[in-house]
Every structure is written in structure tokens, then in C-alpha cells.
2 protein chains.
Amino acid sequence: MILSKTTEYALNVLSFMATRNKEMYPAEYLYKELKIPRQYLRRLLTDLSRKGFITSIRGRNGGFVFSRDLSSINFAQVIEAMEGQEAMKTCLLGFTACIIDHPCVMHDLWTEARSKMIETLTNTSLADLKNKYEMDKDTIAQLNNSLIH
Amino acid sequence: MILSKTTEYALNVLSFMATRNKEMYPAEYLYKELKIPRQYLRRLLTDLSRKGFITSIRGRNGGFVFSRDLSSINFAQVIEAMEGQEAMKTCLLGFTACIIDHPCVMHDLWTEARSKMIETLTNTSLADLKNKYEMDKDTIAQLNNSLIH
DNA sequence: TTAAATTACTACAAAAAGGTAGCATTTATA
DNA sequence: TATAAATGCTACCTTTTTGTAGTAATTTAA
């Protein structure tokens, strides 16, 4: 039920980057916006670039950008990359071995719930998130407008 | 997506106890069956008894027994007791703060998946698990029978 | 009534996760 | 070409989680 802090940070960073329209995201900027511990964040960013989600650009005016299209990155991929492949493949509750002694009695009890969750995580891309974010912004802007005028 | 090892152990122990029909479960017996580190298991058992799931009986012939009816213990309760109340109340993915800056864009993206999961965990009791276990056993026994005769 | 079988408690050790500091390297631009 | 602004890397520190050891207390039964 709980992702590691590091995975949460990863989702935070990528979600943030996906919803802003900057050309470049230097670590220092992300640090100020997201308040993730500075050095830890930098390691995480390097890690995310090794994992192929973002690309690092060194030197002055450098920073990080997405290395592929937002629509090709979904939440399940990010979680899997951070937590390890097992995390999404095995029982959602993370049973490393089956509880009882023969083919895990638990598994099919929540197969449905489990697949629903994985489905959502797999079907939701950063592009979807971005769209949702902009729609929300518009709705709020219209609301403010109608209140003021 | 990942429960702590300790919570997994707790679910293992309780599921095991729920599906066997012993009068008493001494720590040493559970240790041999489940291979959870001996001393750690003992602490966990004490903890589970403090939390009201099982009762400890000290002295010779002692051990642990359920302190209430199996049908009154569901998985959500166990997880919540082990991981803390927040675990089940907040976002299933464990976001401590919202990802973006205004009312969490993520949340409603998987509200449905989330409630499905919680629903299953809440609606499945140890009694359900036990029933399922015995039905499975019967099915296998019948299958073996039909193959032999 | 003493020994054996059990849980309770406490203190410590090891491993994993999270966090920090500082220097090396790269690159754009003044 | 020197400097500033960026990432890369390595080594270390702190906290949390997991695991171990040993002794005290309790209870049954020989």
C-alpha cells in the first residue's frame, strides 16, 4: 500500500515536469519547487536519466528534459523501474512467497481488485496527467472569472 | 504496492493460523512452519496480541490463539494495525502530499481502482480465507481421487 | 516442588533507506 | 580563456527496519 519515499519522489518529479511547460528543468529549480532534499533529488534525477525517462544536459544552461514522449510513459513503468520488476508482477500486496503452502490461496481473492489497479496505473500516462491538469486549471479559471464579473 | 516485511509476516502468521485447525499455536511451531526469523516472530506475536488479534497464553502448553471470531478480522484491519492508520486512508499509492500544487490531480485518476482494492481488503475476512482454503483442498482431493481410481 | 515449556522484555547488531558534503567534469558565454 | 552554472560521482552520516541474544516471568505436570 506504500511506495518507498524514493518512488514517491520520482512520481512527484516526473508529474511536476509533465505539467509545466518549461524547456529545461535544472535540479536546483526542481529542488526549490518540490522541496525534495537537494542532494537526494540530484541522485534521483541521475537515476531517472539512467532509467531512460529523462535526459541530462550538462554544463551551463543544462538540466533535465524528458527523453521520450509523455504519452509513452505510464505510472506502472515508473513504479516498476523504481521498485523493481517484482513489485508489479507479483501479488499486489507484495507477498514474496505464497502465504500458505500450496498455490497461493490469497491471490485470486483479490485478482479483480489487483488487475483494476494495475490497469489504471498502466493506462495512465504522463500525457493524460498533463491533459487533466490543464483541464482543471481552465475550470478553476472560469470559476474565478464568473465570481469576479 | 509494497507492504513492509513485518506486515507481510503478520498476514502470513494470521492466515496460517486461520487455515489450520489447531487449538494452540506456540511461537516455536509457527517458526518451524513459516520460517520467519525466530526472535522477530516472537516479537511480532506479542505485538499482534497487544493489537487484539490473538491472545497469548504463557507457561507450559501455552502459545497463541485467536482472541476473536475469524469473521471479525479482515485484511484491511490487519494492514492498518501494522502500517498505521494513514496507510489505508490516504491515497493508495501513499502520496504523503499531493504531487502537484493544487488539490491533487492524481487522486481522482485512480479513485475507482483504489476503492475497489480497499473494498476487497475490507470485505475479505480470515473466515473467508479459511473457507476458500478448505474448498480448494477438497477440489484437489477429488481430483487426485479421480486420477487414481 | 522442581524441571520443562512456554511467553515477555530489554538491549544490542546488521542491513536498508534516506540524506549530506564536497569535489570533479562539462558547457555556454562574457 | 576564465568563470559561472550546471550534472556526475564518491564517500560518508543518520534513521528506520529487520534480525539476534539472553534473561526474567509464568505455568503445567512429573
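Quantities reported herein were computed from a predicted structural model and do not represent experimental measurements.
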Query raised in the report: Is there a donor-acceptor pair under 3.5 Å between the side chain of A:Y25 and the backbone N or O of A:R20?
Result: yes
Query raised in the report: What integer distance in Å separates B:K32:NZ from C:dT6:C1'?
Result: 13 Å
**Report entry** B:L14 side, atom CG; B:Q77 side, atom CD - distance, nearest 0.5 Å
**Finding:** 11.0 Å
Requested in this report: Starting at CD1 of A:I57, measure out to CZ of A:F64 and round the result to the nearest 0.5 Å.
Outcome: 9.5 Å
Requested in this report: Verify whether one side chain among A:D69 and A:S72 offers a donor that lies under 3.5 Å from an acceptor in the other.
Outcome: no
Query raised in the report: Which whole-number value in Å describes the distance from B:Y29 OH to C:dT6 C1'?
Result: 17 Å
Query raised in the report: Looking at residues 47-63 of chain A, who's got a heavy atom less than 4.0 Å off DNA chain D?
Result: A:R50, A:S56, A:I57, A:R58, A:G59, A:R60, A:G62, A:G63
Report summary line: Here the distance between atom P of C:dG19 and atom CD1 of A:I36, to the nearest Å, is 10 Å
Query raised in the report: If you measure from CD1 on A:I54 to CG on A:L48, what distance do you get to the nearest 0.5 Å?
Result: 5.0 Å
Query raised in the report: Would one find a side-chain N or O of A:Y40 under 4.0 angstrom from OP1 or OP2 of C:dA17?
Result: no
Query raised in the report: Rounded to whole angstroms, how far apart are CZ on B:R42 and C1' on C:dT10?
Result: 13 Å
Query - Carboxylate-amine/guanidinium contact B:D47 B:K51, below 4.0 Å - result: yes
Query raised in the report: For DNA chain C, whose closest nucleotide is more 5', that of B:T46 or that of A:L41?
Result: B:T46
Query raised in the report: Out of curiosity, B:E80 CD to B:T122 OG1, how far, rounded to the nearest 0.5 Å?
Result: 8.5 Å
**Report entry** Residues A:K35 and A:N12: side-chain donor-acceptor under 3.5 angstrom
**Finding:** no
List, with names and distances, any nitrogen or oxygen atoms from the protein found under 3.5 Å away from nitrogen or oxygen atoms belonging to nucleotides 12-15 of chain C.
none

Query raised in the report: Can a donor-acceptor pair be found between the side chains of B:S4 and B:T7 at a distance below 3.5 Å?
Result: yes
Query raised in the report: Would you say the side chains of A:S15 and A:Y133 form a donor-acceptor pair under 3.5 Å?
Result: no
Query raised in the report: What are the bounds, 5' to 3', of the part of DNA chain D that sits under 4.0 Å from heavy atoms of chain A?
Result: D:dA4 to D:dA11
**Report entry** A:F64 CZ to C:dT26 C1', straight-line distance once rounded to whole Å
**Finding:** 13 Å
Requested in this report: Figure out the OH/C1' separation between A:Y31 and C:dG18, and round it to whole Å.
Outcome: 15 Å
Query raised in the report: Counting any heavy atom closer than 4.0 Å, what does A:Y9 reach on the DNA or RNA strands: base, sugar-phosphate only, or nothing?
Result: sugar-phosphate
Query raised in the report: Any idea how B:F16 and B:Y29 line up, ring-wise: parallel (<30°), tilted (30 to 60°), or perpendicular (>60°)?
Result: tilted
